[in-house]
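Read through the structure below, which is laid out as C-alpha cells, and then see the notes.
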Amino acid sequence: MSKPSIPQGTRDFSPEEVRKRQYILNTLKNIFELYGFQPLETPSMENLVTLTGKYGEEGDRLIFKILNNGLHEKKEEDKNKLNAEWNNVLSRPYSSPVVTERALRYDLTIPFARYVVMHQNELAFPFRRYQMQPVWRADRPQKGRYREFWQCDADVVGSTSLINEAELLSIYMEAFDKLKIPVKVKINSRKILSAIAEYCGAPDKLVDITVAIDKADKIGQVGVLNELYQKGLSDDQIAKVNYLTFFIRESILTQTPIITDIAENKSQNGLDILEQEFERNNIKIGLEGINEIRKTIDYFTVLAERKNFKSSIEIDMTLARGLSYYTGVIVEVVCAHPDVKMGSIGGGGRYDDLTGLFGLKGLSGVGVSFGIDRIYDVMDELKVFPEQLAVGAKAMLVNFGGDNETYALQVLQQIRVAGVAAEIYPDAAKFDKQMKYANKRGFAYVLLPGDEERQKGMVSVKNFTTGEQKMLTIADCIAAIKG
RNA sequence: GAGGUUGUAGCUCAGUUGGUUAGAGCAUCAGAUUGUGGUUCUGAGGGUCGAGGGUUCGAGCCCCUUUAGCCUCCCCA
C-alpha cells in the first residue's frame, strides 16, 4: 500500500488552523459588511476563454486547465480529432477547446469583472462587493507560495470618486487594528509613475520602470538602477528616475519628511517637490496623480477622525505594484513590526475599464486585497490570536455505560440547550482511556454522570485545570461551566 | 523555464572508510491502575531503507536512470 499524500502545493488545515483562519475571515467579513460591501461567490471553474489573455503570457501558463470528460466525443470522427489535439496540447502552452474548455479560478478580480458584465442590468452601481474564496495556480510552489490559496478582495465598481479609495484605506486600518497587526500602508499613484517615465523622456519604458521600482524593497536602490540600465535607459534618464524617487525620498526622510504620516500630521513636503518638478516640465498626468493622493488623504483624514487608528499611511513613490491593470491610486500594506520579515500582506488600487475586457466600457473600479495566508503567519509570529480559539467544546461527559449512558445523554442535551458546547465519549471505554482523551482534547470540564449522580439527578463536575471536583445539580453545573 | 537539496517505522530523524539480525525519540496498543487525566515504569506491534538497474563475496551507504517532496531564481499572493 502506498503512503497517502496530497497534491504538490496544497495543504491540509488542522482544526486549530481552521479556527484561526476563520477568525481572520470573520473579522474581515464583519468589517466589509460594516462598510456596506456585499458578499459574492463565483464558481471554482470558469470557461477557459474567460481567463486566457487576462494575466499576461506568464499568467496563461499558470492557469490550471480542466480536462474534458469526453462527454462530447460520441462520434468516431470527434474522437479522432481529440487524439490529434492531444498531441498539440502536450506541447505547451497550446490549448484547445476539444481537450479543455474550463479552468480553475486564477484570481477573484477577473471573475468579478465577468460577473459585473453579465449582470450589469440588475446591479445597482456603484456596486461594492467582497469575496473570499480559494484560487489555483499551476506555479512552482515554494515557501509561502501554494497552488491552492485563498484570496480576500473588496472592490467598488462604477464610481470614480476618491471617497472609495479613502474608504478602502479606512477598511485596511480598521481590519489590521482589529487583528492586532501594526502596519504601514503605503500609497502612490500610477499616474506619478507615468509622469516619472515622461519626465525622463522614456514614456515607452513605463512598464520596465514600474517593474524595476517595484523591486526596490527587495533589491535596493542600486539594484533598481542597475535593472534600469539593463533595460536600456540612458544615464541621464536613470539619474532622473533616481532623483524623483530615491533621492527625494531619501533626502527628505533624513531631513524633512517627505513621507506623510497622518497620525503625526507631518507635512507633505515630498509631494510639494514632486509637484514643482512636474509643473516646471508641464507634466499634467503627474499633477493629476498628486492631486488624487492629496484628495484621497483628505477624505481619509475625515473618516479617521473618530477612529483613532493605530497605524500610519505613507506616501512612497517607490511603490509600484506589478499588476498591469492599475491606472490610478495604488496601495500596499506591510507589517510594521520590526521583528517580522514579511512582504506585503495586502494591496490594491484603481483600475479604469477592467470590465472593458468583456465589452462593458467606461466602468471604473477600485479594490483591495488581503493576503490571508501571510496575515496568518504574521499573527502566529506575533501571537495575537485570541486564546479561546484553541478549544471547541468546553465539557466532556464520561460514558459509564448502561443506564448511566442514557442518563448522560439526557444531561448532555440539557446543557447544550443552555448553550454550552459539550460532547459525550461515545463508548463505555475504560475510565482511564476516557480521561486521557479528555486531557488531550483540552476540555475545561469533565462531567461524571455515574450511578450515584443518576440516582440523585445530579452530576459530578471536575474542573480539568484545577482538578477540583464537586457534585452539582444540572442547573448549578451549567452555571459553573458558564463561569 | 534554470539551479540546489532531501527521500530510512505513523511522525521527527541517527546510521562511521561498504561488513552479522537497520536503530532512537515521539506516537499507537497492552500492562502496573475495573470511578479519576497530565508525570512515571514495563512490554509489544510496526521497515521492499522512494522506485528500477549496475559494481561487489557483501550495498541504507558507491555508480547510472527515474520519481516525489522541499528550497532558491524568474514571476507572483
Side-chain angles (χ1 to χ4, degrees), chain A residues 1-12 14 55-63 92-93 105-109 132-153 207 210-212 214-215 217-219 223 227 230 320-324 332-334 342-348 367-378 396-402 404 408 425 428-454 459-471:
Chain A
M1 190 177 70
S2 64
K3 286 187 191 177
S5 62
I6 56 174
Q8 186 184 31
T10 63
R11 294 163 290 172
D12 287 323
S14 67
Y55 308 107
E57 204 172 315
E58 183 72 13
D60 281 356
R61 288 183 56 238
L62 300 182
I63 294 171
R92 287 183 305 168
R105 184 170 54 216
Y106 182 85
D107 73 352
L108 301 181
T109 307
M132 302 186 284
Q133 290 188 278
V135 301
W136 294 268
R137 295 188 188 177
D139 204 352
R140 196 95 165 239
Q142 47 183 284
K143 197 172 187 67
R145 287 175 66 178
Y146 303 96
R147 287 187 162 179
E148 179 185 64
F149 62 97
W150 281 60
Q151 283 193 338
C152 175
D153 286 11
V207 173
T210 305
V211 168
D214 192 40
K215 295 178 186 166
D217 274 347
K218 222 186 241 177
I219 61 180
E227 180 152 334
Q230 279 163 22
R321 294 195 59 71
L323 287 176
S324 52
E332 192 163 283
V333 184
V334 294
M342 181 69 78
S344 77
I345 53 177
V368 292
S369 179
F370 288 80
I372 76 155
D373 286 301
R374 285 184 173 183
I375 290 172
Y376 179 100
D377 288 344
V378 170
M396 189 197 89
L397 281 76
V398 172
N399 187 337
F400 288 106
N404 293 330
Y425 197 90
K430 277 190 187 170
F431 194 79
D432 178 62
K433 191 172 178 177
Q434 298 195 39
M435 292 300 266
K436 277 183 176 159
Y437 170 79
N439 186 59
K440 200 164 183 179
R441 282 286 310 277
F443 295 106
Y445 296 91
V446 168
L447 310 187
L448 309 168
D451 288 331
E452 193 186 345
E453 288 88 350
R454 174 168 50 85
V459 67
S460 288
V461 180
K462 184 181 177 73
N463 180 321
F464 230 52
T465 321
T466 63
E468 190 188 354
Q469 185 174 325
K470 276 184 208 159
M471 201 186 290

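Convention: sequence-line order gives letters A, B, ...; per-chain numbering from 1.
- Listed candidates were B:G37, B:G35, B:A77. Nearest to the side chain of A:Tyr146 is B:A77.
- For the pair A:Arg147 CZ and B:C70 C1', the computed distance is 13 Å after rounding to whole Å.
- B:G35 and B:G47 have their P atoms separated by 35 Å, given to the nearest Å.
- No donor-acceptor distance shorter than 3.5 angstrom exists from the side chain of A:Lys470 to the backbone of A:Ser460, with no hydrogens or angles considered.
- A:Arg61 places its CZ atom 10 Å from the C1' atom of B:C74, with the value rounded to the nearest Å.
- Nucleotides B:U6 and B:A22 are separated by 25 Å at their P atoms, to the nearest Å.
- Separating the CZ atom of A:Arg137 from the P atom of B:C76 is a distance of 10 Å, rounded to the nearest angstrom.
- Comparing the P positions of B:G58 and B:G18 gives an interatomic distance of 16 Å, to the nearest angstrom.
- Contacts between residues 367-374 of chain A and RNA chain B, defined by a heavy-atom separation below 4.0 Å, involve A:Arg374, listed by number.
- In this structure, A:Gln151 does not reach the B:A77 phosphate: none of its side-chain N or O atoms is under 4.0 Å from OP1 or OP2.
- Looking at heavy-atom distances under 4.0 Å, A:Gly467 makes contact with a base.
- Comparing B:G3 with B:U8, their C1' atoms sit 27 Å apart, to the nearest whole Å.
- The base of B:U36 has none of its N or O atoms less than 3.5 Å from a complementary donor or acceptor on the side chain of A:Gln434.
- The CZ atom of A:Arg140 sits 11 Å away from the P atom of B:A68 (whole-angstrom rounding).
- Nucleic acid contact for A:Glu453: base, since at least one base atom lies under 4.0 Å from a heavy atom of the residue.
- Under the 4.0 Å criterion applied to side-chain N and carboxylate O atoms, A:Arg454 and A:Asp451 are assigned as salt-bridge partners.
- With a 4.5 Å cut-off on side-chain heavy atoms, A:Phe464 and A:Met396 do not count as touching.
- Checked against B:U36, B:C74, B:G3, the side chain of A:Arg145 finds its nearest nucleotide in B:C74.
- Regarding A:Asp12, its CG atom lies at a distance of 15 Å from the C1' atom of B:G10, rounded to whole Å.
- Base pairing in RNA chain B gives the following stems of 3 or more Watson-Crick or G-U pairs, range against range and under 3.5 Å: B:1-7 with B:67-73, B:10-13 with B:23-26, B:28-32 with B:40-44, B:50-54 with B:62-66.
- Salt bridge annotation for A:Asp373-A:Arg11: present, with a cationic side-chain nitrogen under 4.0 angstrom from a carboxylate oxygen.
- In this structure, A:Ile63 atom CD1 and B:C76 atom C1' are separated by 14 Å, rounded to whole Å.
- The residue A:Gly144 sits close to a base: some heavy atom pair falls under 4.0 Å.
- Following rounding to the nearest Å, A:Lys436 (NZ) and B:U39 (C1') show an atom-to-atom distance of 11 Å.
- OP1 or OP2 of B:G31 lies within a sub-4.0 Å distance of a side-chain N or O belonging to A:Lys430.
- Within the 3.5 Å criterion, the main-chain N or O of A:Tyr425 finds a donor-acceptor partner in the side chain of A:Asn399.
- A:Glu148 and A:Thr10 share no side-chain donor-acceptor pair at under 3.5 Å.
- Contact between A:Gln434 and A:Ala428 at its shortest, heavy atoms only, is NE2-C, 3.9 Å.
- Spacing between B:C26 and B:C64 at atom C1', rounded to whole Å, works out to 37 Å.
- Phosphate contact (OP1/OP2 of B:G69, side-chain N/O of A:Gln8, threshold under 4.0 Å): present.
- Within the structure, a side-chain polar atom (N or O) of A:Lys440 is placed less than 4.0 Å from OP1 or OP2 of B:U28.
- The backbone N or O of A:Tyr106 lies less than 3.5 Å from a partner atom in the side chain of A:Arg137, making a donor-acceptor pair.
- At a threshold of 4.5 Å between non-hydrogen side-chain atoms, the residues A:Val211 and A:Glu227 count as touching.
- Closest to the side chain of A:Phe149, out of B:G35, B:U72, B:A77, is B:A77.
- With distances taken from any side-chain atom of A:Ser460 to the nucleotides B:G37, B:A2, B:G35, the minimum falls on B:G35.
- Formation of a donor-acceptor pair under 3.5 Å by the A:Arg105 side chain with backbone atoms of A:Pro134 is found in this model.
- When all heavy atoms are compared, the tightest approach of A:Cys152 to A:Leu108 is N-CD1, 4.2 Å.
- At a threshold of 4.0 angstrom between heavy atoms, the contacts of A:Leu62 with the nucleic acid are absent.
- Here A:Gln142 reaches the OP1 or OP2 of B:C73: one of its side-chain N or O atoms lies under 4.0 Å away.
- In this structure a side-chain-to-backbone donor-acceptor pair under 3.5 Å is present from A:Arg374 to A:Ser344.
- Counting non-hydrogen atoms under 4.0 angstrom, A:Asp107 reaches nothing in the nucleic acid.
- Residue whose closest nucleotide on RNA chain B sits further toward the 5' end, between A:Glu58 and A:Thr465: A:Thr465.
- Nucleotide B:C76 holds its P atom 22 Å from the NZ atom of A:Lys143, rounded to whole Å.
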